[in-house]
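Both backbone and side-chain heavy atoms feed into the values below; hydrogens, waters and symmetry mates do not. Here, residue 1 is the first one in the sequence, and each next residue gets the next number.
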Amino acid sequence: MKEKLSNIFIEISRNGLEGYITLICKDTNLSFDYDEVISIVKEKIKFGLKSSIIKDIIDNKIYNERVCIAEGIPPVEEKDGYIKYYFDENKKVIPKLKKDGTVDYRDLDLVNNVNKGDVLAEIILPFGGKNGRSVTGENIPYKKGRVPSFKYGKNIKKTDNGLYLVSTGRGQVKLVNGRLTVSNVLEISSVDNSTGNIEFNGSVKVKENVINGFQLKAEGDIEIFGVVEGANIESLGDILIRKGVQGYNIGKISSKGNVVAKFIENSFISCRRDLTAEAIMHSEVICNGTVNAIGKKGLLVGGICRARKEIRAKTIGSRMATSTVLEVGVEPENKIKYEKLEEEVFTIRKNLNKIEKSLNVLENALKFNESEEKKKLYVKLKKVEKTLKTNLDKSNKELKLIKNEINNVSRGRIKVEGIIYPGVKIVIGDSVMFIRDEMSNCTFYEDEGEIKIGPY
């Protein structure tokens, strides 16, 4: 845009951010009046005027030349909004370097666990925009930034203001192609160096195996389609192992629900409900429900098997008289606690006996020589004696309580569909029986303090 005022041309750029002046004069001996020029310019240019440049043009008689005499303020574009995630959406499987220089391939922290009510994502609105101003004094609006939108699936809701995504359940949060989901079932191919140890607050499905030395913990059910080899498996729900467990005497399976496996060998098993397998071999089992050895084998041999209700099997023990211990009729935890307390009481009494003998020796010695050193030792031993007696009294009271609980619970049963071999020890409550001859199709139960044998 150009405007001619006498022999003064004022020009405004198309975007309104620059103002120009051209003084038209063919005779360089002539001069312009500064006040007059400024007055004319200000009629058009209202902002960003550089008066000093106009003075310089007039003083130096810069005629017939286009000169910038005003600059506006350009607008600042608003930055696009974005989505902020409250979890590691780019989690990388990187082994950790230990202090000793070795590499830990187990604790890879692969899973993003979330709980109900957790904030998963937030829309950060566009920001930073600022209006500009033209040399004619008008506002120049800034360009608005882009407002992003959420893409999300199950177990997620948007807050009323539309700016947050919140989990409506527990599980694993995932971001796939910009879409957010929370799944309460984690599906993985295996638990090994590629995944590291797994800890998940939902259910877990493992398509293949759980390898020796790794851990799998879940708050839901666990289903493993392959085998478990020397690993630790923990679940607050049920555990299903389709191809069995080889614990190598280090593997542990712990469930607050049921445990089902094709076979269990050289393992430590703990479950709050029932345990079912085709074969349980050389393992330590603690079960608050019923232990079932089912199928053609229905084998239970070696190790210790404790069950609150019943133990059922087709074959118990072996022709080789393999040492096998079966206990039913009490809560396994109480039984184990009772045994530990018995050991504690035995140790305390043993130590107390030693202290009492030492005190007797010191008492006799002090009759003839009351040295300060012997007096201090005597006082010290008396304090130890008092502490031991207090601990003994406490342990005896606990033993009595657990003993009453054991006596008051209903007695369990051991049912043998096929053969039970010599070498098997049966414990029902406080009663004990050793199997010395082969028997078949029978049931063992307790009656009036004795273990009796009835038909299957």
Side-chain angles (χ1 to χ4, degrees), residues 1-90 119-152 156-166 175 177-180:
M1 177 178 66
K2 293 183 179 180
E3 186 167 341
K4 181 178 179 182
L5 300 172
S6 180
N7 50 354
I8 300 172
F9 278 93
I10 298 174
E11 187 177 353
I12 307 298
S13 64
R14 183 172 294 178
N15 61 12
L17 293 175
E18 293 91 25
Y20 298 90
I21 191 171
T22 304
L23 299 182
I24 306 298
C25 185
K26 294 180 180 180
D27 187 350
T28 56
N29 292 321
L30 297 176
S31 61
F32 288 81
D33 180 69
Y34 172 78
D35 291 334
E36 182 183 355
V37 172
I38 282 292
S39 178
I40 293 170
V41 169
K42 285 185 175 181
E43 291 178 5
K44 190 65 179 175
I45 296 177
K46 310 292 184 182
F47 179 79
L49 180 63
K50 299 177 181 179
S51 303
S52 59
I53 295 178
I54 295 176
K55 189 175 187 307
D56 185 62
I57 292 170
I58 293 172
D59 290 346
N60 292 290
K61 296 184 177 181
I62 302 173
Y63 299 154
N64 308 311
E65 187 176 328
R66 183 172 176 264
V67 180
C68 181
I69 57 170
E71 290 184 354
I73 298 176
V76 178
E77 288 188 6
E78 201 171 48
K79 293 183 179 179
D80 288 342
Y82 63 93
I83 297 176
K84 177 182 177 182
Y85 295 100
Y86 286 86
F87 60 93
D88 186 359
E89 72 272 22
N90 296 311
V119 175
L120 307 177
E122 175 188 3
I123 288 179
I124 304 299
L125 295 172
F127 60 96
K130 190 176 181 180
N131 288 335
R133 195 172 181 188
S134 70
V135 295
T136 58
E138 298 165 340
N139 280 335
I140 303 175
Y142 61 84
K143 183 181 178 182
K144 299 286 186 180
R146 185 183 65 86
V147 178
S149 59
F150 288 129
K151 294 180 181 179
Y152 59 98
I156 297 174
K157 70 175 182 179
K158 189 159 56 174
T159 57
D160 292 341
N161 61 10
L163 296 180
Y164 295 91
L165 289 183
V166 177
L175 182 66
N177 297 325
R179 188 172 185 268
L180 207 58

Quick one, [X] and [Y] - any side-chain contact, counting heavy atoms below 4.5 Å?
| X | Y | value |
| --- | --- | --- |
| Ile24 | Asn64 | yes |
| Ile69 | Val135 | no |
| Tyr152 | Leu120 | no |
| Phe150 | Ile123 | yes |
| Ile140 | Ile73 | no |
| Pro141 | Asn131 | yes |
| Tyr142 | Pro74 | no |

Picking from Glu122, Lys84, Lys157, Lys158, what satisfies side-chain hydrogen bond (donor to acceptor under 3.5 Å, both in side chains) with Tyr164?
Glu122
So, the side chain of Glu78 versus the backbone of Gly145: is there a donor-acceptor pair under 3.5 Å, distance only?
yes
Do Lys61 side-chain atoms and Ile57 backbone N/O form a donor-acceptor pair below 3.5 Å?
no
Could you pull out the closest heavy-atom pair between [X] and [Y], with the gap in Å?
| X | Y | result |
| --- | --- | --- |
| Ile83 | Ser149 | CD1-O, 3.7 Å |
| Lys44 | Ile10 | CG-CG2, 4.1 Å |
| Asn15 | Leu17 | OD1-N, 2.9 Å |
| Thr136 | Ser134 | OG1-OG, 2.8 Å |
| Tyr34 | Ser51 | OH-CB, 3.5 Å |
| Tyr63 | Ser31 | OH-CA, 3.3 Å |

If you measure from [atom1] on [X] to [atom2] on [Y], what distance do you get to the nearest 0.5 Å?
| X | Y | atom1 | atom2 | value |
| --- | --- | --- | --- | --- |
| Tyr85 | Leu165 | OH | CG | 8.0 Å |
| Ile40 | Ile45 | CD1 | CD1 | 12.0 Å |
| Ile124 | Lys79 | CD1 | NZ | 13.5 Å |
| Leu163 | Asp160 | CG | CG | 11.0 Å |
| Glu11 | Arg14 | CD | CZ | 11.0 Å |

List the steps, then state whether side-chain contact (heavy atoms from CB on, under 4.5 Å) holds for Ile53 with Ile21.
CA-CA 10 Å; Ile53 295 178; Ile21 191 171; over 6 Å; no
Would Val67 and Ile54 count as a side-chain contact (heavy atoms from CB on, under 4.5 Å) if you check the C-alpha gap in whole Å, the side-chain angles of each, and the deciding distance to 0.1 Å?
CA-CA 9 Å; Val67 180; Ile54 295 176; over 6 Å; no
Would Phe32 and Ile8 count as a side-chain contact (heavy atoms from CB on, under 4.5 Å) if you check the C-alpha gap in whole Å, the side-chain angles of each, and the deciding distance to 0.1 Å?
CA-CA 10 Å; Phe32 288 81; Ile8 300 172; 4.2 Å; yes
For atom CG of Asp27, decide whether the heavy atoms of other residues, nucleotides or ligands shown that lie under 6.0 angstrom number more than 12.
yes
Sorted by chain and number, sequence neighbours left out, side chain to side chain donor-acceptor pair (under 3.5 Å) with Thr159 holds for Asn161
